[in-house]
Structures are given as structure tokens and as C-alpha cells.
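For reference, the structure discussed in these notes is given below.
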Amino acid sequence: MNDHGSMRTARRTHGFTESVIREMSRVAQEAGAINLGQGFPDFPAPAVLKDAACRAIQDDVNQYAITWGTPSLRGALARKYQDWYGMEVDPESEITVTCGATEAMASVMLGLVNPGDEVVVFSPFYENYGPDATLCGAEPVFLPLSPPEFKLTREPLEAAVTARTRAIIVNTPNNPTGRVLSRQELELIADVCRRHDLYAFTDEIYEHIYYEGEHIPLATLDGMRERTVTVSGASKTFSITGWRIGTIIAPSDLTGAIRKVHDFLTVGAPAPLQEGCAAGMRELGDEYYEGLAKQYRERRDVLHQAITEAGFRAVKPQGAYYIMADFSSLSDLDDDSFARHMTRNGGVATVPGSSFFQNPEEGRHLVRFAFCKTLEKLEAAGDRLRQFSRAGG
Ligand code: GLN
């Protein structure tokens, strides 16, 4: 039975497609390819987090944590936002810990967006925002940004806002483009939000991984704290994507609604792992964060050089850990066919570019590489790519 016409499944799911990112991981596994598709690190997490999580399990921290997060982690988060960004955050009423930033964004939208509302999403985008809006009965309105700069300008942003707009989603540093929004672009978003009385829902999961500029939380701009919901998490900062620890900072009246949704969806995030994250946040200092960015810069440079030598064209990302690369001088295939072909015959998996665009045609000549991998693995991938290219792509 075709799911589309099926009476057996809910209509809200009928427009959803399977995650191309995770599908490519399966293709990679079948082909024994190096997986530079799905963005998960392949190197160890900091010992302080692992030790504290193990200790918590040994100490029988096995039951539900407080729904919105352990006091230890909320305390560490309040200190972090104060120390890093000068944001005053009340751990009692303004923080919610969730099962990953994925659940965070879904809970935020289900808590704050009404059916019939519109939510502005910049394209290209990370795959979840559109479906999150759909789950709310709202409509994602996609605003295309043009390569290679993907710069945000006033006119198209103003044009995307209607009387039904409820929120703008802002992901910086960006997956998949690697853009880090400038203060000027953030001021533009803030201005539009203030004038049209909109929320901004941010996804700042790559906040500590950038190579140029600075990471500025939108909530720190004038008049934005009260209308911004800041989503982030531990996955990328501590290389623990499987721990599923996400975080939400929101004004207390918004937090109340978000916490109710979060409670009904998941009750809470894993208690012992929250203890691990709290210890990491307490004990790791500047040196850790500087090291993280420095190592990622090295990985970026190694992969960028390798793919350039293999004939791809790509700008170096300013942040996050992905490179969107143009393969048109290597092949005339479309992105889906090319990504599968390169996985099977080149031994390196990527994600087809079209899965990040509202209009798939815009990504037909692109694939996304993830470089959250050891240098050895990136170098091995580089060898394979150069060989693949020499063999004719
Ligand atoms: N954030 C990671 C990526 O973009 C993993 C997401 C996923 O598995 N869907 O690759």
C-alpha cells in the first residue's frame, strides 16, 4: 500500500520523506565506504564527561531526572550563558534540557506555534525545521539564500514575512552551508522580528565550532532576549551525538509551554548523561574550546584541500563541520546518483545536496561532506577521492 494514499497513517506524515542523511549512512555501510555523510564525530569524548557519567550510573542515578533538567546541568548552563555571552539566565524558570537539539526544536515549535501560522526557514536548511513546522499544523515558508555566500539581505527577508508569520528559524554556524551569520545579518533579523512582533528560534548547536568571525547569540541583541528561543546542546561541543542532550533557553512564560510539551513527549533527558555534561561544562576551560576549534580547522583544511585536488569546487566553511561541494567538473550525474556512485565506486559517502533545498534543483550539482572525523580518516578519504577522480569520476 502506498503511504501517500493510505488511510492507515496520519496525513501529517504523508509529506515527510525519509532522512537522506541516515539513508546514506546505510549505503555507506553496505559499500564499506568512509562515511563523510552523516555528521557524527568518530573520535573520543572528553574523559571528564565519560567519568562523571559512569560515576553517576555507579551511584545509581538511574531514575527520571527532573523533567526540565538536573539542577547540576541547569546550573552549569546558566553559568555558561553568563560567562560566554553575558546573558543572565534563570536556571529555575528559563532552561529546559531535552533529548538532543532535535527534540528541543520540536518542543519549542509545538509549544509556541499555532496551526495556520507560518515559520520562515532559510534555504538551504538542516532537514528537521520544515517537518517540525508541519507537525504543528503550521507552514514552513522557505527563503532561498544564494550560493556561494548565502548572504542574508533585507528585501527577501521582508518579503517572506506575512501577517501569519510567527517565527524565523536561525541556524548559525550553519549546517549545511558553513556560514556564520555576521552581526549585521543578525541585526537585520532582529529588526524584522521586533517590527513584526515575531519569535526567533535559533539552532546554535555548532556555537563552539567556527573559524572566522564570532558566534553571536541572537538573544543578546537589543530587544531580542524576550522574543528569542535559543536552542543548543552538548552533541557537537563534546562529540557525543548519541547521548542526546539538547538545551533550550527561553523567557519564563515561553519556557512554561515548552516544558509541558517536552514532558509529554519524552519526560526528560537521560539523567546520568546530564551529570556527565554538567561535569564537562564545569571543568573544561578555554583550553578545551580553543582546542576543539583548532582541531576542526585542521580537519577542514585537510578535507578542503583533498576535495579541491580531486576536482570539487567549494568555499571553505566559516563554521560548523560540513563542506558543500560542487561536483559538476567531475560528473554530469545528478546529486543522488553521483553520491551513490561515489560511495560504491569511490569508497567515500556524502549527502546529496538537493536534500538541503526547498527547490531540489538548486542542489543537483552539490554534495555535502562532513569533516568531523580523525585526520587519518580524512586523509584516507582524500586518497580515495583523488583516485576516484583520476579514474574519471
Ligand atoms: N546533524 C547531523 C547531520 O546533519 C546528523 C543529523 C541526522 O542524523 N539526521 O548530518
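Just follow the structure's listing: the first ligand is 1, and inside any ligand the first atom is 1. This structure is a prediction, so every number in the text was calculated from the model and none was measured.
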Quiz item: Taking atom types as modelled and ignoring hydrogens, do the side chains of S354 and E361 form a donor-acceptor contact shorter than 3.5 angstrom?
Solution: no

Practice problem: Compute the centroid of each ring, for Y296 and then for Y321, and state whether the two points are separated by less than 6.0 Å. | Solution: yes

Quiz item: Less than 6.0 Å separating the ring centroids of H341 and F388?
Solution: yes

Expected list for residues 258-271: side-chain donor-acceptor pairs under 3.5 angstrom, two or more places apart:
unit_1	atom_1	unit_2	atom_2	d
R259	NE	I95	O	3.4
R259	NH1	E92	O	3.1
R259	NH2	E92	O	3.1
R259	NH2	I95	O	2.7
H262	ND1	E103	OE1	3.2
H262	ND1	E103	OE2	2.9
H262	ND1	T266	OG1	3.3
H262	NE2	T67	O	2.7
H262	NE2	V97	O	3.2
T266	OG1	E103	OE1	3.3
T266	OG1	H262	O	3.4

Self-check item: F125 CZ to D203 CG distance, which is reported to the nearest 0.5 Å
Solution: 13.5 Å

Practice problem: Quick one: sort the F201 and Y199 rings into parallel, tilted or perpendicular, breaks at 30° and 60°. | Solution: parallel

Quiz item: Near ligand 1, which protein residues have a heavy atom under 4.0 Å away?
Solution: I21, R22, Q38, G39, Y126, E127, N175, Y206, K236, Y322, R368

